[in-house]
Student: 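One structure coming up, written as structure tokens, with questions to follow.
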Amino acid sequence: MSKLMSWVDARFPLSKFIKEDLTDYPTPRNLSYWWNFGFLAGFVLVLQIISGIFLAMHYKADASLAFDSVEHIMREVNYGWLIRYVHSTGASAFFAVIFIHMARTLYYGSYRAPRELMWWTGQGLLLLLMATAFMGYLLPWGQMSYWGAQVITNLFRATPFIGDEVVVWLRGGFSIGDATLTRFFALHYLFPFLIVAVVLIHLVALHSVKSSNPSGINLAEKDNIPFHPYFTAKDFYGLGVFLIIFCYFVFFMPQFFIEADNNIPANPLKTPTHIVPEWYFLPFYAILRSIPDLLGGVIAMGLSVMIFAAMPFLDRSSIPGGARYRPFYRVLFYVFVIDVIVLGYVGAKPPTGVLVVVGQVSTFIYFGLFALLPFLSIKEDKWLRKRGLPAEVDVLIKSESEEIEKKAKKNT
Amino acid sequence: MMAMNNCARFIILTLSAMWLNVFFVSAGFATTSNFPLENIKFTQDQASLQRGAKIYYDVCRLCHSLKYIKYKVLQEIGFTKEQVDLLRGDIPISASLSKTSSDKMLNSQYGQVPPDLSLMAKARKHGPQYIYTLLTTYSEKEGVYENAVFPGIKMPDALNVANAIDESLKQEIKSKAKDVTEFLLWSSDPRAAVRKTIGTYVVIYFLILSVMLYFIMKRVWSRLDKEK
């Protein structure tokens, strides 16, 4: 065995990789359970790819067969219902986990230097995930699949000058049809592998800058512990808890994330009374609808997703630990979370009466918070420095930097 | 203690994040009529399913197909091979339950082809309650039929609710409506019973596994305290 390993190691840094990036990979010991969600996202990605490949073995990407083939999977394929419900519930679980992962990054300010590239590759992953989920939703070929795709592809009509041509080009016809279904299927199969590639880049960046931690301070060597066994144990415990909740939905409430209308085969002649996107798109959908102009709405929606990328520039504070040690930023964070929930609610309801105004106000607050951040973070920084940081932070910064300096001297 | 606290918080937050979705998803539905649906529970017991299957076979099948249910699958709700053979006559056992009237005839009579019922219990919000209430809220005024759940419905009063004056007859019709709804609920998801049985074991398994993983984690992390 050891002979084989040394043969491989002479040609490929296998032992080195296992040691440096898996077992001995230094991880801050103070990470809370909020740091579990990156691992969980990776798990759900694998789960989606595996269940998806098995679904593809029985699914037929043909407008006249797609709906029946899904029912065939549900009723006749051995454990087909399990594979299908794992995949459909997995989509929602993926977004739930990713939203928590993003909220953790925002709360603790983990997007700040030197982790900007982690944040930006993460932003790319979010876009890929959204595209994959959107295309996957068309495949069951139910009423909501069909009309959701119709509404969303129609948004590209807002493209200046060539809008109508772009829409026809995307759909492969004047409306959603067989051509759209086959291309969405092909891309829905391709995109997860692009996601895997970007996840690898995300991880390479992570292993270069290492995990952030709740204190927001670079910890000295003594406070970093090997990934294995400490964080393998912790991540697997988190995975167990996740699986309890996930399996509860898969086995007992599998239709929960599926619109009733999507159990009706797509009918191009009959528009559902109320077209709603999947829950994970609702806040962005609400922003789209809040702007009366189509082009303006599309731009606002795009911006609402992409604006996260600007966080490293918008946040000017040098106080470590994100919202933990920054009272104003903490208020901003919670207002943002509540605002997103309100937007989600507005997005799920028909746009009538007072909800239109609520949607517009929430959209204004959504962007307003980002706009406010540069000024607020500078002011807050000055105020906190003048007032003095909490004693525990000061002590921690001092002791950790002394430790790091000592180590550096030793090495030279 | 602190860690326990954290772990409780973690579970609560994850759960609430998932439950918020529930709220949004259910908030998304617009019902065609605001008539309150009767909130009855469905038990999926075999006697009721079999009665429901017979009602479907004698009444609904005239106009509604059940294309995802094959004759052989009826054995899953307790019919014997002989009973199924009696029902199907010379139709192959692997054939789907199809309607007896032709599309052309139905089209000329109702102006449209009545929908397939295989997925009806999943294709409406609160599907089973919707079907039950729809079947039991027909009324008649001067020879014109109306339905409280679905105003302007084309379907006739299949179970004759509108003309049932006698209380015991009304009760009989209601139990018929419940039976046929039970059957349609089963048809929409014949794997539901298996799913729930397996699900119970799976969830219990992960519960026990998580408790064990929690103690493994505690034990591994306690090494750090010893080092100090």
Side-chain angles (χ1 to χ4, degrees), chain A residues 29 32-34 36 68 71-72 74-75 80-82 85 92-93 96-97 99-100 143 225 229-230 232-234 236-264 273-274 276 278-280 282 341 344-345 347-350, chain B residues 6-7 9-11 13-15 17-18 20-32 67-70 73 115-116 118-127 188-192 194-196 198-200 202-203 205-207 209-214 216-221 223-224:
Chain A
R29 66 184 289 173
S32 66
Y33 286 104
W34 295 114
N36 271 23
D68 285 345
E71 280 309 310
H72 166 71
M74 295 293 293
R75 288 157 194 265
W81 55 267
L82 178 59
Y85 279 150
S92 285
V97 166
F99 286 155
I100 296 173
Q143 272 288 69
I225 51 180
Y230 298 106
T232 37
K234 196 165 182 169
F236 274 105
Y237 165 59
L239 178 63
V241 175
F242 167 81
L243 282 173
I244 297 170
I245 300 163
F246 180 72
C247 289
Y248 183 77
F249 277 97
V250 168
F251 289 97
F252 296 99
M253 300 172 81
Q255 285 285 321
F256 193 78
F257 297 108
I258 300 175
E259 296 281 341
D261 267 337
N262 228 27
N263 288 308
I264 304 169
T273 40
H274 183 205
V276 222
E278 291 284 86
W279 68 268
Y280 36 81
L282 288 176
I341 293 170
Y345 177 76
K349 290 280 193 182
Chain B
N6 265 338
C7 117
R9 255 196 302 187
F10 169 84
I11 295 168
L13 272 154
T14 320
L15 270 177
M18 294 286 255
L20 269 173
N21 309 334
V22 179
F23 172 60
F24 287 166
V25 171
S26 57
F29 284 93
T31 39
T32 40
K67 68 173 178 174
Y68 295 124
I69 297 295
K70 293 174 175 162
V73 184
D116 181 82
S118 311
L119 285 165
M120 194 50 80
K122 282 203 295 201
R124 300 287 181 277
K125 203 194 171 194
H126 304 302
S188 74
D189 193 358
R191 302 280 164 265
V194 179
R195 193 182 72 228
K196 284 174 189 162
I198 298 177
T200 310
V202 171
V203 169
Y205 172 81
F206 281 126
L207 268 171
L209 184 72
S210 297
V211 170
M212 284 161 66
L213 285 170
Y214 177 75
I216 290 174
M217 177 187 75
K218 285 278 118 183
R219 206 161 142 187
V220 167
W221 278 71
R223 286 181 215 167
L224 287 177

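In what follows, every chain begins at residue 1, and chains take the letters A, B, ... in the order their sequences are listed. What you are looking at is a predicted structure, and each value in this text was computed from that prediction instead of being measured. Side-chain atoms are counted along with the backbone in the values below, which use heavy atoms only and exclude waters and symmetry mates.
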Student: Can you name the one residue among Ile244(A), Val241(A), Leu239(A), Ile245(A) that meets side-chain contact (heavy atoms from CB on, under 4.5 Å) with Phe206(B)?
Tutor: Ile244(A)
Student: Considering only heavy atoms, which portion of Val97(A) lies under 4.5 Å from any heavy atom of chain B: side chain, backbone, both, or neither?
Tutor: neither
Student: How far does CE of Met120(B) sit from CG of Asn263(A), to the nearest 0.5 angstrom?
Tutor: 10.5 Å
Student: Counting only heavy atoms not in Phe252(A), do more than 12 fall under 6.0 Å of its CZ?
Tutor: yes
Student: Enter the distance from Tyr237(A):OH to Met217(B):CE here, rounded to the nearest 0.5 Å.
Tutor: 6.0 Å
Student: So do the side chains of Phe236(A) and Ile216(B) get within less than 4.5 Å of each other, counting heavy atoms only?
Tutor: no
Student: If we only count heavy atoms from C-beta on, is the Glu71(A) to Ser118(B) side-chain gap below 4.5 Å?
Tutor: no
Student: Report which part of Tyr280(A) has an atom under 4.5 Å of a heavy atom belonging to chain B: side chain, backbone, both, or neither.
Tutor: neither
Student: What part of Ile225(A) gets within 4.5 angstrom of chain B, counting heavy atoms only: side chain, backbone, both, or neither?
Tutor: side chain
Student: Quick one: what part of Leu209(B) sits under 4.5 Å from any heavy atom of chain A, side chain, backbone, both or neither?
Tutor: neither
Student: Can you measure from OG1 (Thr232(A)) to CG (Leu213(B)) and round to the nearest 0.5 angstrom?
Tutor: 10.5 Å
Student: What distance separates Cys247(A) SG from Ile198(B) CD1, expressed to the nearest 0.5 Å?
Tutor: 11.5 Å
Student: Which heavy-atom pair separates Ser210(B) from Gly240(A) by the least distance, and what is that distance?
Tutor: OG-C, 3.0 Å
Student: Could you tell me which of His72(A), Lys234(A), Glu278(A), Gln143(A) has the largest number of non-hydrogen atom pairs under 4.5 Å with chain B?
Tutor: Lys234(A)
Student: With a 4.5 angstrom heavy-atom cut-off, which part of Val202(B) approaches chain A: side chain, backbone, both or neither?
Tutor: side chain
Student: Would Ile258(A) and Lys122(B) satisfy side-chain contact (heavy atoms from CB on, under 4.5 Å), going step by step from the backbone distance to the final call?
Tutor: CA-CA 10 Å; Ile258(A) 300 175; Lys122(B) 282 203 295 201; over 6 Å; no
Student: Taking all non-hydrogen atoms of both residues into account, name the closest pair between Lys196(B) and Phe251(A) and its distance.
Tutor: CG-O, 4.1 Å
Student: Could you look at Asp68(A) and say if it's the side chain, the backbone, both or neither that has a heavy atom under 4.5 Å from chain B?
Tutor: both
Student: Between chain A and each of Val203(B), Val211(B), Val194(B), count heavy-atom pairs under 4.5 Å; write down the option with the most.
Tutor: Val203(B)
Student: Report the distance from atom CG of Asp189(B) to atom CE of Met74(A), rounding to the nearest 0.5 Å.
Tutor: 5.5 Å
Student: With no hydrogens and no angle check, is any side-chain donor or acceptor of Arg191(B) less than 3.5 Å from a backbone partner on Arg75(A)?
Tutor: yes
Student: Report yes if the side chains of Arg195(B) and Val250(A) come closer than 4.5 Å at any heavy-atom pair, otherwise no.
Tutor: no
